[in-house]
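Worksheet: one structure, shown below.
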Amino acid sequence: MNGQTLHLGIAGLGTVGAGVVRLLRENAEAITARAGRRIKVVAVSARDRNRDRGVDLSGLTWHDNAIDLAADPKVDVVLELIGGAEGSARALVEKALSAGKPVVTANKALLAIHGAALATLAGENNTSLLFEASVAGGIPAIKLVREGLAADHLLRVGGILNGTCNYILTAMRETGRDFDDILAEAQALGYAEADPTTDVDGWDAAHKLAILAGLAFGRPVRFDSLHVEGIRNIAACDQAFAREMGYRIKLLGSARSDDAGQIEASMRPCMVPQSAPIANVDGVFNAVLTEGRFSGPMLIEGRGAGAGPTASAVVADVIDLARGTALPVWGMAPQPEIACAPRESLRGQYYLRLFVQDRPGVVADITAALRDYGVSLRALSQHAAEEASQQSSSQTVVPLALVTHETSEAAMLSVLTALKPLETVIGTPLLMKIETV
């Protein structure tokens, strides 16, 4: 390190990168007191030198190639705020770690996909990789799991990890409108990107869940083994059915470890009881849920994105480095990746919604499929035809919802296969797990 001052190089000057520069300057006195030394940005890199970012960058060394920050002798710590699992973000982190320089990143995709290799690289070069800002913005989720609960044996971890999806599902429930309508509204308000795929298809939240699971269970999970679903297929009638049955719909991440060390993990829309604390986390808020053998269940809630919360989390990691804190990436010595248990092995209660032709024998055909695969029906509800979101001039289509007793997901997937050839079933059925949380 260069004397008493910790010198930073920042790659990426978007809302978070500019927010970090602003935060370090505006809170300099308090940050110095807490870190025990001055922290100063000395070098930056971004695609456009001339863009006005609302902060004064004069006097800083500018690198056109972000990777050059790793070799800059004036830079003690590299902040990677570019994003993405590949390209310059990955190359910069690998080069900095190989050079023995600590890295702070907000890059959830990079950690979820390459975390095992990066942990090994950091260990081999006796340096640190910190990533508090990669999960749930300003909520101290990483510190909670890796440090606050370090003495406990964690049984599960997860939560609501994407504010865009939570906003859309909340608005659908409160207004009775459909997904496409609320998505357009979220885009107009700036809560959803012009291309919302990463958010609404569940990938953003899945990256965060993979990181939390790796920390909770002491080894990175293989990301391609994680079951991921988004919220595009949630209809207004599903929200109505959920309300009638005493549930709310949330895009919920859940990772559990059994006594044998097997991990069950998924990111998917779920039904949760209205009385559950996580059911009342609404709008753009995130929530992280943990449960330990000694600590019991715990829920922390807050804003999961935005320049302020994310920049705050980045600087918190920098302060840890300034204090000399050194932690293994996954909370313990590097471990090989572990694959999640296959989806078919999961068990629980399930919600199944279908659009069906309104004619005799339809329910009998559906219950026969349930019977054939040993699925016991707990409840059935049907709405009037005018509430259906799929209509045809030649037939009346109604939404039908079923709730099962506990069964295997393998059985439910077999039921879906059996229902597919039925002419009376219109479109693709929706299957959701019911989580008691």
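Using a 4.5 Å heavy-atom cutoff, the side chains of L97 and E124 are not in contact. Looking at V41 and L60, their side chains come closer than 4.5 Å, going by heavy atoms from C-beta outward. A 4.5 Å side-chain heavy-atom check between S134 and T105 finds every atom pair outside the cut-off. Side-chain contact between F241 and Y351: present, with at least one pair of heavy atoms (C-beta onward) separated by less than 4.5 Å. Looking at H114 and V93, their side chains never come closer than 4.5 Å, going by heavy atoms from C-beta outward. Side-chain contact between V78 and K95 is absent, with no heavy atoms from C-beta onward closer than 4.5 Å. In this structure, L352 and P429 have side chains that are in contact, with non-hydrogen atoms separated by less than 4.5 Å. You'll find the side chain of P196 stays beyond 4.5 Å of the side chain of T164, heavy atoms only.
A donor atom on one side chain and an acceptor atom on the other are found under 3.5 Å apart for D195 and T197. Counting only N and O atoms by type, the side chains of E409 and Y350 include a donor and acceptor under 3.5 Å apart.
Although no hydrogens or angles enter the test, the distance criterion places a donor-acceptor pair under 3.5 Å between the side chain of K250 and the main chain of V281. Using a distance-only test at 3.5 Å, with no hydrogens or angles considered, no donor-acceptor pair links the side chain of R353 to the main chain of I234. Between the side chain of D201 and the main chain of G230, no donor-acceptor pair closer than 3.5 Å is present. A donor-acceptor distance shorter than 3.5 angstrom exists from the side chain of D152 to the backbone of S295, with no hydrogens or angles considered. A donor-acceptor contact shorter than 3.5 Å links the side chain of R146 to the backbone of V329. A donor-acceptor pair is defined here as one N or O able to donate and one able to accept, closer than 3.5 Å; such a pair exists between the side chain of D317 and the backbone of F131. A donor-acceptor pair is defined here as one N or O able to donate and one able to accept, closer than 3.5 Å; such a pair exists between the side chain of D258 and the backbone of Q262. Side-chain atoms of N166 come within 3.5 Å of backbone atoms of G283 as a donor-acceptor pair (strictly under, hydrogens ignored). Of the possible polar contacts, none joining the K108 side chain to the L209 backbone as a donor-acceptor pair under 3.5 Å is found. Of the possible polar contacts, none joining the R378 side chain to the Q349 backbone as a donor-acceptor pair under 3.5 Å is found.
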- [ ] Would you please test L121 and S98 for side-chain contact (heavy atoms from CB on, under 4.5 Å) and show each step?
- [x] CA-CA 7 Å; L121 193 59; S98 296; 3.6 Å; yes
Open item on the list: For a side-chain hydrogen bond (donor to acceptor under 3.5 Å, both in side chains) check, start with the C-alpha distance between N125 and T127, then their side-chain angles and the critical distance, and finish with the verdict.
Closed with: CA-CA 6 Å; N125 292 280; T127 192; over 6 Å; no
- [ ] Give the intermediate values and the outcome of side-chain contact (heavy atoms from CB on, under 4.5 Å) for residues Q239 and D178.
- [x] CA-CA 10 Å; Q239 296 283 6; D178 267 314; over 6 Å; no
TODO: May I have the step-by-step check of side-chain contact (heavy atoms from CB on, under 4.5 Å) for R268 and R343, ending in yes or no?
DONE: CA-CA 12 Å; R268 65 200 302 186; R343 177 186 182 185; 3.7 Å; yes
TODO: Give the intermediate values and the outcome of side-chain contact (heavy atoms from CB on, under 4.5 Å) for residues L24 and L8.
DONE: CA-CA 11 Å; L24 285 168; L8 310 181; 3.7 Å; yes
Open item on the list: If you apply the rule salt bridge (charged side-chain N to carboxylate O under 4.0 Å, His left out), what do you find for D238 with R173, and how did you get there?
Closed with: CA-CA 9 Å; D238 297 311; R173 186 188 77 235; over 6 Å; no
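Between R177 and E185, at least one side-chain nitrogen of the basic residue sits less than 4.0 Å from a carboxylate oxygen of the acidic one, meeting the salt-bridge criterion. Using a 4.0 Å cut-off between charged side-chain N and carboxylate O, K143 and D320 make a salt bridge. Ion pair R256/E264 not flagged as a salt bridge, since none of the NZ, NE, NH1 or NH2 atoms sits closer than 4.0 Å to an Asp/Glu carboxylate oxygen.
Taking each heavy atom of G17 and L81 in turn, the nearest pair found is CA-CD1, 3.6 Å. The minimum heavy-atom distance between G302 and I139, with the atom names listed, is N-CD1, 3.3 Å. Between G83 and A89, the shortest heavy-atom contact is O-CB, 3.5 Å. Closest of all the heavy-atom pairs between C237 and F355 is SG-CZ, 3.8 Å. Summarising the geometry of A418 relative to A369, their closest heavy-atom pair is CB-CB, 4.2 Å, with the distance given to 0.1 Å. When all heavy atoms of L183 and A192 are compared, the closest pair comes out as CD1-CB, 4.0 Å.
Residue R38 places its CZ atom among 12 or fewer non-hydrogen atoms of other residues, nucleotides or ligands, all under 6.0 Å distant. Counting heavy atoms of neighbouring residues, nucleotides and ligands inside a 6.0 Å radius, atom CZ of R34 does not exceed 12 of them. The neighbour count for N126 CG, taken as heavy atoms of other residues, nucleotides or ligands under 6.0 Å away, does not exceed 12. Within a 6.0 Å sphere centred on CD of E193, other residues, nucleotides and ligands contribute 12 heavy atoms or fewer.
A distance of 8.0 Å separates CG in L400 from OG in S381, rounded to the nearest 0.5 Å. Annotation: the span from I231 atom CD1 to C165 atom SG amounts to 4.0 Å, rounded to 0.5 Å. Atoms CG and CD, from L299 and E301 in turn, are 6.5 Å apart once rounded to the nearest 0.5 Å. One finds the CD1 atom of I300 at 7.5 Å from the OG1 atom of T290 (value rounded to the nearest 0.5 Å). Atoms CG and CG, on D204 and N162 in that order, are 4.5 Å from each other to the nearest 0.5 Å. Residue T61 holds its OG1 atom at 3.5 Å from NZ of K74, rounded to the nearest 0.5 Å.
Under the rule for a side chain to side chain donor-acceptor pair (under 3.5 Å), the partners of R248 that lie at least two apart in sequence or sit in another chain are N280.
Of the options I278, L212, I142, I160, a side-chain contact (heavy atoms from CB on, under 4.5 Å) to V288 is made by L212 and by none of the others. Across N233, I168, L169, a single residue satisfies side-chain contact (heavy atoms from CB on, under 4.5 Å) together with F179, and that is I168.
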